[in-house]
There are 2 protein chains.
Amino acid sequence: MSGVRAQQKEKTRRQLINAALKQLSAERSFSSLSLREVAKEAGLAPTSFYRHFSDMDELGLTLVDEAGLTLRQLMRQARQRIAKGGSVIQISVQTFMELIESNGNIFRLLLRERSGTSAAFRAAVIREIRYFTMELCDYLQKANQLDADVAYMQANAAVTIVFSAGSDALDIEDKAERDQLAQQTIQQLRFIARGALELSDRRKKLRRNR
Amino acid sequence: MSGVRAQQKEKTRRQLINAALKQLSAERSFSSLSLREVAKEAGLAPTSFYRHFSDMDELGLTLVDEAGLTLRQLMRQARQRIAKGGSVIQISVQTFMELIESNGNIFRLLLRERSGTSAAFRAAVIREIRYFTMELCDYLQKANQLDADVAYMQANAAVTIVFSAGSDALDIEDKAERDQLAQQTIQQLRFIARGALELSDRRKKLRRNR
DNA sequence: TATAACAGCGTACACGTGTACGCTTAAATT
DNA sequence: AATTTAAGCGTACACGTGTACGCTGTTATA
């Protein structure tokens, strides 16, 4: 049981994953990739693909998992930076934008499959994004003493805005323009935060006067 | 030049458009439609397709135009209702949700092609949405006396939130759930409006004290 | 050392695709 | 009335697709 074999298998599995990831781009969606193309890019015979995935769909779901992992990495990194002090919103947006720059394709996958054509994919993507949202919701609730529903609405709106901005950022090559987009996004998140806090305060006053 | 011929041509052209629209659904994206399928659905021989569009892409762009038209219809309708009094945000969201219910497929097209695979499509969709955003921006600027940049950020955020909610609504069949989503969206838009107004006020004070 | 497991390959097949080409037939033009 | 125009059809082709099947060579097990 030395594992030479299993090791090799894992390696070509990664080659398939990377091949698919590489072929994703602005002009190429996952659903437009063919099994043959991916196998070829990975240096495999088409039929060997089946030794690793039963389907292109299965590969796709694996990629979504990969994307979820990246998202969690993002959260960890942002938390670390926040712990060192600074504006929470600014740091979060900046970290997110860096992620998009270095992992454009995997982020594109999330965006496309979110409103994509396969129910399984959509469900998987939505799950990842929901996890992300919930994590943020928790943080907001504790940090700002918000009611659960207010925190959720804020988190949900914030994630929507940030993901949308990320999608736009993917189409911008000019750095100055991207920075401007980031600034705008930060301001929009502040709008939302402000509104949420205000509702929360109003409710608190109402409770006190009862 | 009675136009019997041109009339007939226009009719089958519409049949092609409607055929494509009909085949769009949660499980079927435009890019996954084939020329042959659309022609068949329209009751045409595959090769006759070319008498009307040189490409599936050309048909697609026509559909995006159609969607833009629908969007403008929406704005008109919302304005009429608003003129009769009531909460602007509430009426807008409600009108939007009605549109989605009755024109799900065309709205899906917009959502999908926005982050889709064809540069031409993306550009066309972005143009339509930008128009929509600018219209809202104008309104906000005048109605709330906002600075141009603040109004734009609010409009942009609002449109993002509403479109995202629309996308979610497409996957919900339960009416009560959809209503809840609408309520949440309304609240989120109020957050944003609140934040924008607050920034605007702060700026005004700053100017006064100069 | 003999045997089983299994990753990877090549061949082969049926199927759906876009589209070139020429024909028919009815409307439009002369 | 004679001629031109053009919408729609059928045939035909080359191409890319997923995948079934059997073979080979190497690794793991007994």
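Since the structure is predicted, the reported quantities are computational estimates derived from the model, not experimental observations. Scope of the values below: all heavy atoms of this structure, side chains included, with no hydrogens, waters or symmetry mates. Below, read A as the first sequence line, B as the second, and so on, with proteins coming before strands; counting in each chain starts at 1.
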Query raised in the report: Any salt bridge between B:Asp179 and B:Lys175, counting N to O under 4.0 Å?
Result: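 Answer for the salt bridge query: yes.
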Report task. Identify whether the distance between the nearest side-chain nitrogen and carboxylate oxygen of A:Arg72 and A:Glu135 falls below 4.0 Å. Result ->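 No.
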Query raised in the report: Got more than 12 heavy atoms from elsewhere within 6.0 Å of CZ, A:Arg178?
Result: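 Yes, CZ of A:Arg178 has more than 12 neighbouring heavy atoms, counting only those of other groups under 6.0 Å.
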**Report entry** Greater than 12 external heavy atoms within 6.0 Å of A:Arg194's CZ
**Finding:**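 For A:Arg194, atom CZ is not crowded (no more than 12 foreign heavy atoms under 6.0 Å).
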Between [atom2] on [N] and [atom1] on [X], what's the gap in Å once rounded to a whole number?
X: A:Lys40; N: C:dC9; atom1: NZ; atom2: P; result: 14 Å
X: A:Leu16; N: C:dA7; atom1: CG; atom2: P; result: 13 Å
X: B:Lys9; N: C:dT25; atom1: NZ; atom2: P; result: 21 Å
X: A:Gln8; N: C:dG8; atom1: CD; atom2: P; result: 6 Å
X: A:Phe53; N: D:dG18; atom1: CZ; atom2: P; result: 15 Å
X: B:Glu10; N: D:dA6; atom1: CD; atom2: C1'; result: 16 Å
X: A:Leu35; N: C:dC9; atom1: CG; atom2: P; result: 13 Å
X: A:Asp55; N: D:dG18; atom1: CG; atom2: C1'; result: 10 Å

Query raised in the report: Taking for each residue the nucleotide of DNA chain C bearing the nearest heavy atom, is the 5' side occupied by B:Pro46 or by A:Leu44?
Result: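 The residue mapped nearer the 5' terminus is A:Leu44.
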Options [options], nucleotide nearest the side-chain atoms of [X]:
X: B:Ala45; options: D:dT17, D:dC9, C:dA7; value: D:dC9
X: B:Arg36; options: D:dA12, D:dG18, C:dA7; value: D:dA12
X: B:Thr12; options: D:dG8, D:dT17, C:dG18; value: D:dG8

Query - Check: B:Thr117 main-chain N/O paired with A:Arg28 side-chain donor or acceptor under 3.5 Å - result: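 The answer is no, because no donor-acceptor pair under 3.5 Å joins these two groups.
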Report task. Kindly write out the residues that satisfy ring pair (Phe, Tyr, Trp, His ring centres under 6.0 Å) with A:Phe53, not counting sequence neighbours, or none if the list is empty. Result ->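 For A:Phe53, the residues satisfying ring pair (Phe, Tyr, Trp, His ring centres under 6.0 Å) (neighbours in sequence not counted) are A:Phe49.
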Requested in this report: Classify every nucleotide of nucleotides 20-26 of chain D by which part a protein heavy atom approaches to under 4.0 Å, writing B for the base, S for the sugar-phosphate alone and - for neither, in 5'-to-3' order.
Outcome: B----BB
Query raised in the report: Is the NZ or CZ atom of A:Arg127 both under 6.0 Å from the centre of the six-membered ring of A:Phe132 and within 45° of that ring's axis?
Result: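 A:Arg127 over A:Phe132 ring: no.
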Query raised in the report: Is any side-chain N or O of B:Ser34 closer than 4.0 Å to OP1 or OP2 of C:dG16?
Result: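 False: B:Ser34 side-chain N/O out of range (4.0 Å or more) of C:dG16 OP1/OP2.
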